[in-house]
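Per chain, numbering begins at 1; letters A, B, ... match sequence-line order. From a predicted model like this one, the values you see are computed outputs, not experimental measurements.
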There are 2 protein chains.
Amino acid sequence: MRRITVVEDDNFMREELQYRLEQAGYEVSVVTDFSKTVEEIQAQTPELVLLDLNLPGKNGYAVCRELKSKSSITVLVLTSRDQLKDELQALEIGADEFLTKPCHGERLLARIRNLEKRIDQQQNRLEGGGLSLDRQTDTLYVGEEVVRLTEQEATILEQLLLHPGSLVNKQQLFQALWGTEEYIDENALQVAMTRLRKTLTKLSVESRIVTVRGRGYQIEW
Amino acid sequence: MRRITVVEDDNFMREELQYRLEQAGYEVSVVTDFSKTVEEIQAQTPELVLLDLNLPGKNGYAVCRELKSKSSITVLVLTSRDQLKDELQALEIGADEFLTKPCHGERLLARIRNLEKRIDQQQNRLEGGGLSLDRQTDTLYVGEEVVRLTEQEATILEQLLLHPGSLVNKQQLFQALWGTEEYIDENALQVAMTRLRKTLTKLSVESRIVTVRGRGYQIEW
DNA sequence: AGAACACTTACAGTTCTTGTAAGGTTTCTT
DNA sequence: AAGAAACCTTACAAGAACTGTAAGTGTTCT
């Protein structure tokens, strides 16, 4: 594992954590503007988030819930409130681990190492809109269903999921599919899109691939 | 999830756990002969094991380590020794979760529910001899490498991994491959074995598919 | 040595995947 | 409203992948 994002408003605590984690070999980033916590985290694309529950202004639970709904980032909740209620609620809304502060450094590292197992399994999984795409096997997971996509389908869906809700222009798709932006057979791309859309429809996926006329495509949900 | 095996020598504690878990909808089995703990667990093929550390005679750590080396069963270690050292060591040797007794029922259930995420991801994964086969996607994981097998290859390997180190007779393989034990084209099976062996060799797998003359095949490592 | 069993290679039918072509539909502009 | 541009859909065919069959070779047992 590489990147961990620490979400902690107490300066002393945050620096302490950062130091320990970096000593242990992790690449640590921190959140500075707590009004945009989720955005900052997503921009840093960490594999793990250390989340303090009592943030200034924002509710820690809400951050966790939002992160989990928008991504599959692994979340370790840290709090000084040593209450069973907090632990239950944190796990309930999808946190992957819960520890109370002050926390022994070795315990924290052991738990993080334990979480890496889970993270490794999620690796190479692109998620969005209820879809989960494994590029290693070109397999698409939708709820209970599991479908093996063709390489072309997987390539396109990967590009779309890498930029959820925003435009993927045709050049990008040409590049991803055929390794060049020059060779332009618009039709080949159109056919590929039709095929992908058809297999998504079969799965009754609520996600929609929207055409942006003259520019490209984007996925929405 | 369905099955949980409880490994606990204290009668009162064990029955208490069993009751709570069954109330929560799990199918619970227990280990009776602690000299054959690992064998009993493996025979029950649970998705999760609740393991008490101080068992009569046997060392709990050893049980955990053996379980983890022989299978990918998820292990939750329970102990009354509330020592950081125990927690670190348990996690170190591969335990998936660590809790101290007496443990609040709701906390235990919340942690179990949390483990189910991990279990779900491991589901449909057959392991053995450094191989990991995902039958949902017919993908074989060997160390860093990832290979998509053909359905035939995956079917055979599945049968072999289901009975590691012991014989899989031809009838079983005919059944798995073509749905009948009657239709016997020995040669078709032989060709299929050759193909599987070839793809395993490409991956420089140390596992060996051994022919048992006149009866079938078995995998060893 | 012969028989039984197993292994390997090559070939062919089938299916899957993908590029191409052709025609239809939608959207934009004037 | 008409024409053009962009996009969608369907069908066809070449190539690759998968699997069963056949034939010949190698190995093991008696």
The side-chain contact (heavy atoms from CB on, under 4.5 Å) partners of B:E145 (sequence neighbours excluded) come to B:L203
Please determine whether the number of non-hydrogen atoms from other residues, nucleotides or ligands lying under 6.0 Å from atom CD of A:E22 exceeds 12.
yes
Mind checking if A:R148 touches a base, just sugar-phosphate, or nothing, with heavy atoms under 4.0 Å?
nothing
Residues in side-chain contact (heavy atoms from CB on, under 4.5 Å) with B:I93, at least two apart?
B:Y61, B:C64, B:R65
I need the CG-C1' distance between A:L177 and C:dT20, as an integer number of Å.
16 Å
Would you indicate, yes or no, if C:dC7 has its OP1 or OP2 atom less than 4.0 angstrom from a side-chain nitrogen or oxygen of B:T194?
no
Rounded to the nearest angstrom, tell me the gap between atom CG in A:N169 and atom P in D:dA6.
15 Å
Whole angstrom is fine here: how far is it from CG in B:L196 over to C1' in D:dT19?
14 Å
Each nucleotide of nucleotides 24-30 of chain D classed B (base within 4.0 Å of a protein heavy atom), S (only sugar-phosphate) or -, in 5' to 3' order, makes ----BS-
Expressed as a whole number of angstroms, how long is the span from A:R215:CZ to D:dC7:C1'?
16 Å
Go through residues 150-160 of chain B and report each residue with a non-hydrogen atom lying under 4.0 Å from DNA chain D, sorted by number.
B:T150, B:E151, B:Q152
Can you name the residues that form a side-chain contact (heavy atoms from CB on, under 4.5 Å) with B:A62, not counting sequence neighbours?
B:N59
If you only use heavy atoms from C-beta on, which nucleotide in C:dA6, D:dT21, C:dG19 is closest to the side chain of A:W178?
C:dG19
Across the strands shown, which category fits A:T211 at heavy-atom distances under 4.0 angstrom: base, sugar-phosphate, nothing?
sugar-phosphate
To the nearest Å, give me how far apart CG (A:L149) and P (C:dT18) are.
10 Å
Take atom CG of A:L189 and atom P of D:dC8, then tell me their distance rounded to the nearest Å.
9 Å
In whole Å, what is the span from the CD1 atom of B:I209 to the P atom of C:dA6?
15 Å
Reckon A:K198 has a side-chain N or O less than 4.0 Å from the OP1 or OP2 of D:dC8?
no
Qualifying residues under salt bridge (Lys or Arg N to Asp or Glu O under 4.0 Å), relative to B:D52, sequence neighbours excluded:
B:K101
According to salt bridge (charged side-chain N to carboxylate O under 4.0 Å, His left out), does anything in residues 208-221 of chain B pair up with another residue at least two apart or in another chain? List the pairs.
none
Nearest-angstrom distance from the residue atom CD of A:E186 to P of C:dT20:
13 Å
Nearest-nucleotide 5' precedence on DNA chain D, B:R195 against A:M193
A:M193
Choosing from D:dT21, D:dT9, D:dC7, which nucleotide comes nearest the side chain of B:V191?
D:dT21
Can you see whether B:Y217 has B:R197 sitting over its ring - NZ or CZ less than 6.0 Å from the centre and within 45° of the normal?
no
Holding to side-chain hydrogen bond (donor to acceptor under 3.5 Å, both in side chains), I want the full list of residues that pass it with A:E39, two or more places apart in sequence or in another chain.
none
Can I get a per-line list of side-chain donor-acceptor pairs under 3.5 Å for residues 158-167 of chain B, giving both atom names and the distance, sequence neighbours left out?
from: B:E158; atom 1: OE1; to: B:R135; atom 2: NH1; distance (Å): 2.5
from: B:H163; atom 1: NE2; to: B:Q172; atom 2: NE2; distance (Å): 3.3
from: B:S166; atom 1: OG; to: B:H163; atom 2: O; distance (Å): 3.4

A:T137-B:T137 side chain donor-acceptor pair, cut-off 3.5 Å
no
Within the structure, does a side-chain N or O atom of A:Y217 lie under 4.0 Å from either OP1 or OP2 of D:dC8?
yes
